[in-house]
2 protein chains.
Amino acid sequence: MKTTRRPATLDDVARAAGVSRSTASRVIAGNGFASPIARERVHTAADRLGYVPNAAARALVRGAGVRLLVAVAGASAAVLDDGYVDQVVSSTAQVCARYGLGVAVEWVPLDEPDRLTRLTDDHGVAGLLLVNTTDVLLGLVPGRLRGRTVSIGIGSTTVPSVDIDNGGGTAAIVRHLYAAGRRRIAMVTGPRWLSCANRSVEAYRGLLRDAGLPAREVLGDFTATRGRAAAREVLRRWPDTDAIVGISDATALGVIGALRAEGVQVPGDVAVTGFDDIPLASATALTTASHPVRRIATAAATMVLEQRPEPGSTVFPSALVLRESA
Amino acid sequence: MKTTRRPATLDDVARAAGVSRSTASRVIAGNGFASPIARERVHTAADRLGYVPNAAARALVRGAGVRLLVAVAGASAAVLDDGYVDQVVSSTAQVCARYGLGVAVEWVPLDEPDRLTRLTDDHGVAGLLLVNTTDVLLGLVPGRLRGRTVSIGIGSTTVPSVDIDNGGGTAAIVRHLYAAGRRRIAMVTGPRWLSCANRSVEAYRGLLRDAGLPAREVLGDFTATRGRAAAREVLRRWPDTDAIVGISDATALGVIGALRAEGVQVPGDVAVTGFDDIPLASATALTTASHPVRRIATAAATMVLEQRPEPGSTVFPSALVLRESA
DNA sequence: GATTGTGGTGGCAGCGCTCCCAGGTGTGTG
DNA sequence: CACACACCTGGGAGCGCTGCCACCACAATC
């Protein structure tokens with residue numbers, strides 16, 4: 001047993017394997033030539049010594065940085081205290097663990113995009129994950145991080161993205177409502193600056209237009225509070241509405257609360273749908289569309305860490321989840 | 001504007017300030033002597049150049065590590081995909097961001113505690129946050145990380161901890177049930193190996209003993225599924241039960257589901273309570289006790305990063321949240 | 001005037017790693 | 001048999017930073 005708690009270094013491994021540090025490095029890092037014999041001996045020695053590469057030293061010499069930054073755009077710092085962001089960060093931290101890296105989260109105020117520049121000037125940043133980002137922010141990604149940046153939810157030509165198929169999910173929902181005989185379908189949308197929200201809205205508009213039905217849109221912001229207010233507005237402007245499509249489950253839950261408070265039956269008088277399939281949705285029997293946040297975040301983080309983001313958008317399908325609210 | 005994207009180094013700052021690198025280091029790191037004049041000039045130069053210390057280099061020379069490890073003990077890797085762990089990791093990542101560090105999460109299987117040793121042998125680990133840990137695990141924390149380790153939820157003499165006052169929260173719940181006239185109070189407990197769960201159980205036992213009432217305990221595991229089964233067991237063993245205390249909100253929600261399926265009125269026939277006050281609790285009108293996970297995790301992470309964990313336990317109060325289920 | 005501080009400073013080694021470069025040893029071609 | 005061209009290897013520099021050490025100036029003490 002080793003009595004010294006000093007962790008094994010590459011030198012220790014090289015010595016144990018009877019090769020030079022250079023050769024050991026080549027084998028461990030996996031680039032450059034190395035004979036099968038050398039490879040074998042280095043790996044054996046490394047295993048025996050329980051060798052783990054020193055992330056700091058590696059990052060220093062490679063100029064690579066040592067942590068992945070999750071930058072979340074939003075109106076206030078409160079966006080960070082959110083179940084969605086929690087899942088993104090936590091999944092990312094699981095992936096990072098396998099690479100000897102860590103994750104940090106920071107908020108980028110919508111009205112102060114330069115904050116991103118300051119955050120990425122730190123050469124400790126090995127990669128960038130953009131959440132709820134905007135075109136402005138996308139343009140601010142420094143060259144150093146090009147090829148090490150992935151956006152979640154918002155695509156662009158310069159930065160690859162991983163997305164949920166908001167359009168497809170929303171389309172499935174609207175089609176379901178139509179098939180169930182609903183014809184006066186309203187929607188509580190998301191903030192206009194978020195393109196992923198707009199994809200849902202466009203799917204809704206497209207389907208209604210194809211069916212020759214008018215769109216009934218009220219601006220929302222993903223929250224239940226805003227959903228409540230929006231529901232009342234829908235009722236006031238279009239009293240004959242028989243279905244409300246929520247941009248998110250939280251929105252839909254707010255809508256349902258407001259409707260029931262007004263004595264409107266759900267789904268009897270008005271069907272209500274959400275998006276995301278959060279745990280609360282199954283408990284409240286909300287019809288919604290799935291949103292595999294963990295898988296999306298894991299895919300995005302892996303792209304960044306493997307340093308080969310797939311250009312363009314990688315889109316995960318969203319499945320219709322039928323429950324009682326619609 | 002700087003055209004080269006190379007970030008400023010300490011050498012650049014020292015040169016701009018007209019001092020040696022040593023002096024600049026002393027000023028920036030804040031230890032050792034430095035004249036007010038030197039201090040002033042270094043800070044000015046650093047600001048002007050937008051200098052950010054290279055976390056990797058600093059960690060390398062200090063032998064300090066570059067990320068905080070959140071180690072979660074549990075039966076399966078699925079413990080990581082959990083809202084509670086998400087919040088801990090995400091809050092920690094917020095704190096870490098301020099220190100130029102990152103977070104990684106790893107699962108430590110209950111039947112393979114040695115995994116922790118392998119994880120902490122990595123000298124990239126700057127600090128350790130133990131979640132749902134056990135005495136065995138607490139004993140496995142290496143000397144190198146002593147003083148840089150905090151446990152969340154489980155205390156010990158060797159490792160400082162940050163806790164929620166499970167005992168106090170549960171006591172408040174049981175007292176409330178008693179005050180409401182409930183006298184045949186059962187409890188669905190947590191796994192025996194988790195001391196934070198046991199604190200709740202002991203508070204429950206103590207209060208019932210003081211009131212001269214018998215305890216009615218069924219083993220649970222924090223999940224809704226187990227809560228459902230446990231509720232049926234309570235009904236079978238003690239059909240006259242008029243209140244069930246759940247170890248968690250998920251447990252309580254399972255209990256309620258099972259009771260209603262059996263035609264038992266909640267809270268009419270049987271009052272049910274939870275613990276944690278998750279979002280679902282307010283939506284389902286569950287009486288519970290608050291559990292400020294974010295504040296707890298932030299406090300724990302700060303202790304680790306400041307390298308001065310308060311010895312013993314730091315306990316956050318848990319407040320009774322009255323709703324309709326009890 | 002010689003000694004002992006005491007606050008302030010720069011030189012320099014070295015943390016663990018990667019990668020360039022010079023120099024092997026073998027196999028195929030002119 | 002000389003040459004080219006593989007493949008493979010070890011030496012060594014150096015990434016950016018900290019902290020030890022030697023040094024210097026100046027004031028206080030003997």
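Below, read A as the first sequence line, B as the second, and so on, with proteins coming before strands; counting in each chain starts at 1. Any value given below was found using the heavy atoms of this structure, including those in side chains, with hydrogens, waters and symmetry copies removed.
- Looking at heavy-atom distances under 4.0 Å, A:Ala38 makes contact with sugar-phosphate atoms alone, never a base.
- For the pair B:Ala57 and B:Ser20, both in contact range of DNA chain C, the more 5′-proximal nearest nucleotide belongs to B:Ser20.
- As judged by a 4.0 angstrom heavy-atom cut-off over every strand, A:Ala59 is placed among residues making no nucleic acid contact.
- A:Ala56 comes within 4.0 angstrom of nothing in the nucleic acid, heavy atoms only.
- Under the side chain to side chain donor-acceptor pair (under 3.5 Å) criterion, A:Asp81 pairs with B:Gln94, B:Arg294, sequence neighbours left out.
- With sequence neighbours excluded, no residue satisfies salt bridge (charged side-chain N to carboxylate O under 4.0 Å, His left out) with B:Arg295.
- Nucleotides of DNA chain C nearest to A:Leu60 and B:Ile37 differ in position, and the one nearer the 5' end is that of B:Ile37.
- Every residue was checked against the salt bridge (charged side-chain N to carboxylate O under 4.0 Å, His left out) condition with A:Arg148, not counting sequence neighbours, and none meets it.
- Residue pairs that meet the salt bridge (charged side-chain N to carboxylate O under 4.0 Å, His left out) test with at least one member in residues 26-53 of chain B, sequence neighbours left out, do not exist here.
- Proximity of a side-chain donor or acceptor of B:Ser313 to a complementary backbone N or O of B:Val315 within less than 3.5 Å is not detected.
- Take A:Asp82 and apply the side chain to side chain donor-acceptor pair (under 3.5 Å) test, not counting sequence neighbours, and it matches no residue.
- From one end of the helix from C:dA2-D:dT29 to C:dG30-D:dC1 to the other, with five pairs defining each end axis, the axis direction shifts by 50° (rounded to 10°).
- For DNA chain C, the span of nucleotides reached by chain B at under 4.0 Å from its heavy atoms goes, 5' to 3', from C:dG7 to C:dG16.
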Salt bridge (Lys or Arg N to Asp or Glu O under 4.0 Å) between B:Arg15 and B:Asp12, worked out: CA-CA 5 Å; B:Arg15 214 170 305 126; B:Asp12 300 330; 3.7 Å; yes

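- In this structure B:Arg58 satisfies the side chain to side chain donor-acceptor pair (under 3.5 Å) test with no other residue, sequence neighbours excluded.
- B:Ser25 comes within 4.0 angstrom of a base, heavy atoms only.
- At the heavy-atom level, A:Ser35 lies under 4.0 Å from the strands shown only through sugar-phosphate atoms.
- At the heavy-atom level, A:Ser22 lies under 4.0 Å from base atoms of the strands shown.
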Show the atom names and distances, to 0.1 Å, of all donor-acceptor pairs under 3.5 Å that link a side chain in residues 63-72 of chain B to residues at least two apart or in another chain.
{"residue": "B:Arg67", "atom": "NH1", "partner": "A:Gly100", "partner atom": "O", "Å": "3.0"}
{"residue": "B:Arg67", "atom": "NH2", "partner": "B:Asp122", "partner atom": "OD2", "Å": "2.6"}

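- Residues satisfying the salt bridge (charged side-chain N to carboxylate O under 4.0 Å, His left out) test with B:Asp11, not counting sequence neighbours, are B:Arg21.
- On the nucleic acid side, DNA chain D has its first and last nucleotide under 4.0 Å of a heavy atom of chain A at D:dC7 to D:dG16, going 5' to 3'.
- Under the side chain to side chain donor-acceptor pair (under 3.5 Å) criterion, A:Tyr84 pairs with no residue, sequence neighbours left out.
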